[in-house]
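Note: hydrogens, waters and symmetry copies are ignored here, and every other heavy atom, side chains too, is used. Sequential numbering from 1 along the given sequence is applied to the chain's residues.
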Amino acid sequence: MYTSKISGLGSYVPENVVTNDDLSKIMDTNDAWIQERTGIKERRHIKKGDGNSTSVMGVKAAKIALERAGLTTDDIDLIIFATLSPDMYFPGGGVRVQHMMNMKTIPALDVRNQCSGFIYALSVADQFIKTGMYKNVLVIGSENHSGGLDMTTRGRGVSVIFGDGAGAAVVTRSEEEGRGILSTHLHSEGAHAKELSLEGPSTEHWVPEIIEENPQENIPYYPYMNGQFVFKNAVVRFSEVINEGLQANHLTARDIDMLIPHQANLRISQFVQKQFKLSDDQVYNNIQKYGNTTAASIPIALTEAWEKGKIKEGDLVVLAAFGSGFTWGSAIIRW
Ligand code: UT7
């Protein structure tokens with residue numbers, strides 16, 4: 001009977017810091033509004049010419065994770081790459097990582113589950129390992145949001161929230177029962193697909209059509225978010241899926257040592273923290289520094305929490321995410 005554990009973690013964010021004041025110079029927004037509603041103080045944006053892209057950042061995070069796992073690229077059996085902002089429309093980022101890291105012709109799988117992307121990817125890695133098919137899986141979450149945001153006042157409800165960055169985890173086969181990834185729990189509700197979406201370019205909104213029909217207004221190739229609706233669903237689903245994970249393992253909230261919520265909005269994290277009666281030390285947040293980095297947010301936060309010594313052997317670590325789709329999920333890990 002195989003189990004799987006996280007054997008290495010890494011993260012990377014671009015050097016270019018964009019503060020709330022920087023944004024207020026290019027759109028009608030302000031530091032007080034952004035901090036009060038989201039907790040965000042600054043985020044990182046790729047700078048033109050700095051060499052970064054979604055897959056390049058993913059590679060940078062992956063190299064750190066591999067080194068910390070004590071493995072080389074030859075040890076990896078599968079790449080799983082989660083993003084909503086791939087370098088190209090197709091193919092996905094996984095094959096670019098395979099090429100840039102000079103890896104063997106191992107499989108590369110792309111996951112498109114937005115804010116839940118890392119949890120979905122982790123779950124797939126966990127299943128491949130538990131069935132005995134693979135020994136080491138490289139899981140990456142990476143986003144280049146800044147390249148696709150409407151940075152005018154029209155887009156302020158979305159653009160001030162998102163930031164760029166990448167995180168990676170090496171998931172490795174183990175035989176230690178009761179340790180590692182205990183379980184993962186995934187959900188979707190496609191009825192709300194349009195509430196947080198980027199509709200074009202796509203086969204529904206092809207480029208010539210966009211140019212003809214939307215010369216100025218209502219451009220469907222910028223992301224749309226029904227913020228309040230997403231917020232209301234997020235707080236309910238976060239709690240549900242954390243409870244589901246705890247119950248599946250006969251645990252309660254009192255057993256949680258560290259909760260790492262997807263960094264969607266500090267107010268959502270604080271709401272969940274209160275619901276589960278957790279102390280500030282039991283919930284890790286870094287949205288203040290990076291904004292919402294979607295599929296990258298959990299692996300970046302997990303890496304930072306681990307680097308700061310906030311996760312120790314034997315700790316119960318809970319990961320949870322909610323986002324576009326809607327999709328949501330949790331992972332229960334005995335470190
Ligand atoms: O990670 C994926 C999941 N995503 C989420 O979980 C996001 C969930 N939603 C949210 O975090 C919040 O809904 C937001 C932070 C996005 C927005 O906060 P809100 O309290 O729901 O604000 P709102 O959209 O209702 O807008 C309130 C007002 C509006 O003005 P009026 O109509 O009241 O005059 C907006 O136009 O704030 C205005 N506004 C802004 N003002 C300054 C919207 N964006 C901005 C801005 N700066 N950036």
Hphob cluster co-occupancy, Y12 + F118, side-chain heavy atoms under 4.5 angstrom: no

Hey, are K130 and D126 close enough for a salt bridge, meaning a charged N less than 4.0 Å from a carboxylate O? yes

Working to the nearest 0.5 Å, report the span between CG of N113 and OG of S188. 8.5 Å

E189, CD atom: more than 12 neighbouring heavy atoms under 6.0 Å: yes

What are the two closest non-hydrogen atoms of N286 and A301, and how far apart are they? ND2-CA, 3.6 Å

Could you tell me whether the side chain of D77 and the main chain of N136 form a donor-acceptor pair under 3.5 Å? yes

Under the side chain to side chain donor-acceptor pair (under 3.5 Å) rule, what do S24 and N30 come out as? Steps first, then yes or no, please. CA-CA 5 Å; S24 69; N30 58 78; over 6 Å; no

Describe, in one word, how the ring planes of W328 and H187 are oriented to each other, choosing from parallel (under 30°), tilted (30 to 60°) and perpendicular (over 60°). parallel

N/O donor-acceptor pair under 3.5 Å between S55 side chain and G93 backbone: no

Answer with yes or no whether the side chains of Q282 and D257 bring together a donor and an acceptor at under 3.5 Å. no

Working to the nearest 0.5 Å, report the span between OH of Y284 and CD1 of I300. 10.5 Å

Are more than 12 heavy atoms, taken from residues, nucleotides or ligands other than R112, located less than 6.0 Å from that residue's CZ atom? no

Around atom NZ of K63, are there more than 12 heavy atoms from other residues, nucleotides or ligands closer than 6.0 Å? no

Examine V95 and F81 and state if one hydrophobic cluster contains both, with Ile, Leu, Val, Met, Phe, Trp and Tyr joined whenever side-chain heavy atoms are less than 4.5 Å apart. no

Measuring only between side-chain heavy atoms, which start at C-beta, is L316 closer than 4.5 Å to I333? no

So, the side chain of S4 versus the backbone of I181: is there a donor-acceptor pair under 3.5 Å, distance only? no

Salt bridge flag under 4.0 Å for residues E175 and K5: no

Apply side chain to side chain contact (heavy atoms under 4.5 Å, CB included) to residues R44 and H145 and explain how you reach the verdict. CA-CA 10 Å; R44 304 298 177 98; H145 284 306; over 6 Å; no

Step by step, work out the side chain to side chain donor-acceptor pair (under 3.5 Å) result for T303 and S11. CA-CA 6 Å; T303 302; S11 67; 4.6 Å; no

Keeping T54 on the side-chain end and S85 on the backbone end, is there a donor-acceptor pair under 3.5 Å? yes

Would you say the side-chain atoms of E143 pair up with the backbone N or O of L84, donor to acceptor, closer than 3.5 Å? yes

Whether the side chain of D315 engages the backbone of V317 through a donor-acceptor N/O pair (distance < 3.5 Å, no angle test) should be reported. no

Whether R43 engages the ring of Y290 as a cation-pi pair (distance to the six-membered ring centre under 6.0 angstrom, angle to the ring normal within 45°) should be assessed. no

Is a donor on one side and an acceptor on the other found under 3.5 Å between the side chain of R237 and the backbone of F322? no

Are any side-chain N or O atoms of R173 and backbone N or O atoms of G132, one a donor and one an acceptor, separated by less than 3.5 Å? yes

Report the C-alpha distance between D75 and K135 in whole Å, list the side-chain angles of each, state the deciding distance to 0.1 Å, and finish with yes or no for salt bridge (charged side-chain N to carboxylate O under 4.0 Å, His left out). CA-CA 8 Å; D75 298 311; K135 220 169 162 182; over 6 Å; no

Following the transitive rule for hydrophobic clusters with a side-chain heavy-atom cut-off under 4.5 Å over Ile, Leu, Val, Met, Phe, Trp and Tyr, establish whether I80 and V170 coincide in one cluster. no

Does the side chain of S146 come under 3.5 Å of the side chain of D164 through a donor N or O and an acceptor N or O? yes

Answer yes or no: are there more than 12 heavy-atom neighbours, outside Y89 itself, under 6.0 Å from its atom OH? yes

Within 6.0 Å of NZ in K48, more than 12 heavy atoms from elsewhere: no

Check step by step if salt bridge (charged side-chain N to carboxylate O under 4.0 Å, His left out) holds for E304 and K310. CA-CA 9 Å; E304 270 195 13; K310 290 180 182 290; over 6 Å; no

Hydrophobic cluster membership, L122 vs L78, 4.5 Å side-chain cutoff: yes

Could you check whether any side-chain N or O of E42 sits under 3.5 Å from a backbone N or O of N20, counting only pairs where one atom can act as donor and the other as acceptor? no

Closer than 3.5 angstrom, by distance alone: can the side chain of S123 be matched with the main-chain N or O of I119 as a donor-acceptor pair? no

Mind checking whether V171 and L109 sit in one hydrophobic cluster, side chains of I, L, V, M, F, W, Y counted as touching below 4.5 Å? yes

Evaluation steps, side chain to side chain donor-acceptor pair (under 3.5 Å), between D150 and T152: CA-CA 6 Å; D150 179 356; T152 69; 2.7 Å; yes

